[in-house]
S.K.: 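I have a structure I would like to understand better, so I am pasting it below and will then ask my questions one at a time.
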Amino acid sequence: MRRYKNIAMGFAGLALMAISMGASAFSTYNVVFITGLDASPNPFNPDRETSSVSVRTFEYAEWYWLVSSTMVRPTVIVTVAGRPLIANVTAERLDPASFFGIPPVFFFFNQTGEWTHTTTWDGRDLTGTTVTPGPHLALVNVYAGAATMFQSFVWDVQPNIQLALTLTPNAIMPDGTATASVTATDVQGNAVPNYAVRLEATAPQYTTEPCADCGGHSHDGGRPVGRFLDAGGADMGSMTNGATGPAGEALTFSYRADAFGGVDTLRASAFFQPDLFDTQRLTVRVPNLQPLPNSADYVKIGGTPRHLGPPLSVTDNNHYGTATLIAAIQAISAEHRWTFTQLLQINDMSLPQGGGFDISGGWRADIDTPGCRTRGHCTHRFGTNVDVSDLTADGSLVNLFWLEPAVIIRNGIFLDEGNHFHLTFQ
Amino acid sequence: MKPVRLLVLILILAPIALQAADDFEPRNRIDVRIMAKVSFKPKENAFSYRYTIANHKAAKQSVWLLRVSMPDDGLVSGISGPDGWFKPGYTPKGMGWNPALRSLAFVTWASQPPFHIAPGQNEKGFSFTSIASLPGIVDYYAEGYAPPPKFPPGGAPEGPIPGYHDLTPYGPGVVGRTVGPVKPPAPLIPAVFVDYLIGMVEEAVRLGWIQDKEPRHDLLVDLKDAKAALLRGDTKAARKKLKDALDGAHAGKHGGENGKKENDREDRGGGNEERSAEGATLLHYNLRYLIAGLQSPDQD
């Protein structure tokens, strides 16, 4: 009898132990992780779509005995623009964890669970108003029993925005400055505040003739492009970022063209949506330059493969000037021909749109001091200068004492550049 | 050569080389005097201007270029120059690298060797005709000859060379004052024109064209009295005062030595009225113009 009593006591002890261990199973801990987070589409246009965020969680729970329990389904709350969005669980227990094929319910160590939750956002705040376009910080909070986890992500709202780039003026002198203004408006025509914009300037790179926007430069090598300047005049480079003002004011930069004539293309794009953009062409040129007409009174020379012109090419890019310069050349040449029955040889003037005349095709290296002194053509930028050979077309020396007064009478400047004369008419 | 010595040599020679490159001989090493003779040709209703250029023997350069400026376009014709001065020309307003140039018209004469005016020599025969104008005080600009600034091919600077082309508003030569054609003010307001004459007299005094103190004082008194008479509407008294001033000019009181001689010569006869001295010329023609323009019921 005593023996049975001991056995009974033993079972009772085991039962107590089991009960005690079972109780500990209910007090065991669990943790939860966010293993995946994907918002799509992102950015999204709230005027035509909603965006869904998918949150993937992994839960780990541990216990000690064969006490059946179910995983606690995590709750996911996404908060954005002050608006809590309760996640809608679309899939539960994607893959109930197993241990060598044995369902965890029969196992006594632990249990895991993986879940996917999705929720959508219409891009509006608690009042139902579409939020400010641009990036918004969203916060994902996951609760599973006592376990929590959070993670943030950027939800980019891009309603129907119209970007407009305006250049004032749209034609400037080399080294001149234009104002670039960008406005962003929504479908209702309201100015969009704090809208992130990228501004970028590009210049055409020469490939083949004709190159209408190349300013008469028939050579490549990276045509210098202008620079953006902020309100304080600081150089922001040829690409810069900014945002419209807090009340939707236009984003404004100064744009200083480089020293070369041609056409620059300025592009304003939405920083978070590069396919939304506007472009404008900025003509960089000395205004009112005209080609020196062909004439029986003079011979045009000086063309090179880098800057096409006679006698090398029918295309004449090196004989452009102001009306004053052209009139002076025509008058002096006609008078010279009448006086001496010889033709002056008219060498380089300016390129079709003026600006730096990099005679060696080296862009800045040619025209920056001291490069300009050594490679020449510092002055052939504004259509006011011309080189006249010191030899007439038939090889005779030009009469210096005739030519200089002819220049002075027109209030021009006469300089000697060794193998030619350099005349300025302003 | 040791690097240190080479560096020292470079440091010594570099400034010299740079200075040489930028140092151009100005064209102002002349000592020039311009004498203007103005005559009126009644048949043509035109003034004839003739200039004589004297280059003092102390000059270092020969005069090779002369320009006479005028404030208005379309005042001159018949430009001619002495032998060898083959490039007479007229420059209308609105041209030039300097705004001072653009606001003036010019008559220009230039020569080539051997016709430059050497130191100690003079040259006459620079002339033109002017209509619709009166003699006034204008600038002349003269250059001595020095080779033009020379640069390596393509190395010419942008625009005028500082310290060279801007030695004067017109260039690297010398500037002075002479008599040249100016448009009379239109419409003629006699009192305003008297002020213009007073200013002209004062400048002529500064230029030494009117030298004697007493005649200068008399002249200014006459002109101021004439202005006072005009302001109170007494044209007759004004005319009298202006004629007094004109008589003074005819008597040679205001013209200086040359003026006296020329006035005497003119008084002895000849088809044209002639004044060579700048002061006498200015007074004579401008006073006559004003007197003729004064409307008076008891006009002579």
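To find a chain, count down the sequence lines: A is the first, B the second, and so on, and within it residues start at 1.
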S.K.: Please name the residue in the list T177(A), D235(A), D258(A) that meets the side-chain hydrogen bond (donor to acceptor under 3.5 Å, both in side chains) test with R227(A).
M.R.: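 The side-chain hydrogen bond (donor to acceptor under 3.5 Å, both in side chains) with R227(A) is passed solely by D235(A) among T177(A), D235(A), D258(A).
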S.K.: Please list, in residue-number order, every residue in residues 391-398 of chain A that has a heavy atom less than 4.5 Å from any heavy atom of chain B; write 'none' if there are none.
M.R.: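 Within residues 391-398 of chain A, no residue comes under 4.5 Å from chain B.
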S.K.: Any salt bridge linking R27(B) with E404(A)? Criterion: basic side-chain nitrogen under 4.0 Å from a carboxylate oxygen.
M.R.: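 E404(A) and R27(B): salt-bridged.
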S.K.: Sub-4.5 Å heavy-atom contacts with chain B: which residues of residues 299-311 of chain A show up?
M.R.: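 Under the 4.5 Å heavy-atom cut-off, nothing qualifies.
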S.K.: Where on I408(A) is there a heavy atom nearer than 4.5 Å to chain B: the side chain, the backbone, both, or neither?
M.R.: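 Looking at I408(A), backbone and side chain both touch chain B.
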S.K.: With side chains defined as the heavy atoms from C-beta onward, is the minimum distance between P405(A) and Q112(B) less than 4.5 Å?
M.R.: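 Side-chain contact under 4.5 Å: no.
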S.K.: How far apart are the C-alpha atoms of W85(B) and F115(B), what are their side-chain angles, what is the distance that settles it, and do they pass the ring-ring contact (aromatic ring centres under 6.0 Å, His included) test?
M.R.: CA-CA 7 Å; W85(B) 288 70; F115(B) 297 101; 8.9 Å; no
S.K.: So what's closer than 4.5 Å to chain A heavy atoms on L65(B): side chain, backbone, both or neither?
M.R.: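 For L65(B), the contact with chain A is made by the side chain alone.
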S.K.: Are the aromatic rings of F260(A) and F357(A) close, with centres under 6.0 Å apart?
M.R.: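 Not close enough - the centres of the two rings lie 6.0 Å or further apart.
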S.K.: Answer with yes or no after comparing the ring centroid distance for Y141(B) and F106(B) against a 6.0 Å cut-off, counting only values under it.
M.R.: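 So the answer is no for these two rings.
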S.K.: Between D358(A) and R223(A), does the salt bridge (Lys or Arg N to Asp or Glu O under 4.0 Å) criterion hold? Intermediate values first, please.
M.R.: CA-CA 11 Å; D358(A) 54 336; R223(A) 179 185 162 212; over 6 Å; no
S.K.: When only pairs under 4.5 Å are counted, which of P149(B), A110(B), S111(B), P160(B) shares the most heavy-atom pairs with chain A?
M.R.: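 Option with the top pair count is P149(B).
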S.K.: Does atom CD1 of I131(B) have more than 12 heavy-atom neighbours, drawn from other residues, nucleotides or ligands, at distances under 6.0 Å?
M.R.: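 It does not: I131(B) CD1 has 12 such atoms or fewer within range.
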S.K.: With a 4.0 Å cut-off on N to O distance, would you call R177(B) and E203(B) a salt bridge?
M.R.: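 So R177(B) pairs with E203(B) through a salt bridge.
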S.K.: Would you confirm whether N347(A), through its side chain, and S389(A), through its main-chain N or O, come within 3.5 Å as a donor-acceptor pair?
M.R.: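 Looks like no, no N/O pair under 3.5 Å.
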S.K.: Between Y90(B) and chain A, which part of the residue has a heavy atom less than 4.5 Å away: side chain, backbone, both or neither?
M.R.: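 When you check distances to chain A, only backbone atoms of Y90(B) fall under 4.5 Å.
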S.K.: I'd like to know if the side chain of R102(B) reaches the main chain of G96(B), judged simply by a donor and an acceptor atom lying under 3.5 Å from each other, with no hydrogens or angles considered.
M.R.: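 Answer holds: yes.
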S.K.: For D31(B), is there an ion pair with K60(B) - N to carboxylate O distance below 4.0 angstrom?
M.R.: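 No.
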S.K.: Given ring-ring contact (aromatic ring centres under 6.0 Å, His included), test F24(B) with H165(B) step by step and report yes or no.
M.R.: CA-CA 10 Å; F24(B) 308 108; H165(B) 285 113; 8.5 Å; no
S.K.: At a heavy-atom separation under 4.5 Å, does A406(A) approach chain B through its side chain, its backbone, both, or neither?
M.R.: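 Both parts, backbone and side chain.
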S.K.: Give every residue pair that meets the salt bridge (Lys or Arg N to Asp or Glu O under 4.0 Å) criterion with at least one member in residues 108-131 of chain B, sequence neighbours excluded.
M.R.: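 Every pair satisfying salt bridge (Lys or Arg N to Asp or Glu O under 4.0 Å) with a residue in residues 108-131 of chain B: there are none.
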S.K.: Heavy atoms under 4.5 Å from chain B: which residues of residues 418-426 of chain A carry them?
M.R.: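 Within residues 418-426 of chain A, the residues under 4.5 Å from chain B are G418(A), N419(A), H420(A), H422(A), Q426(A).
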S.K.: Yes or no on salt bridge (Lys or Arg N to Asp or Glu O under 4.0 Å) for R337(A) and D297(A), after CA distance, side-chain angles and deciding distance?
M.R.: CA-CA 6 Å; R337(A) 183 187 179 198; D297(A) 291 332; 3.0 Å; yes
S.K.: So, do N170(A) and T168(A) sit near enough that their side-chain heavy atoms are less than 4.5 Å apart?
M.R.: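 Answer no - side chains too far apart.
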S.K.: Check each atom of W109(B) against the heavy atoms of chain A and say whether the ones under 4.5 Å are side chain, backbone, both or neither.
M.R.: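 Neither part; nothing is under 4.5 Å.
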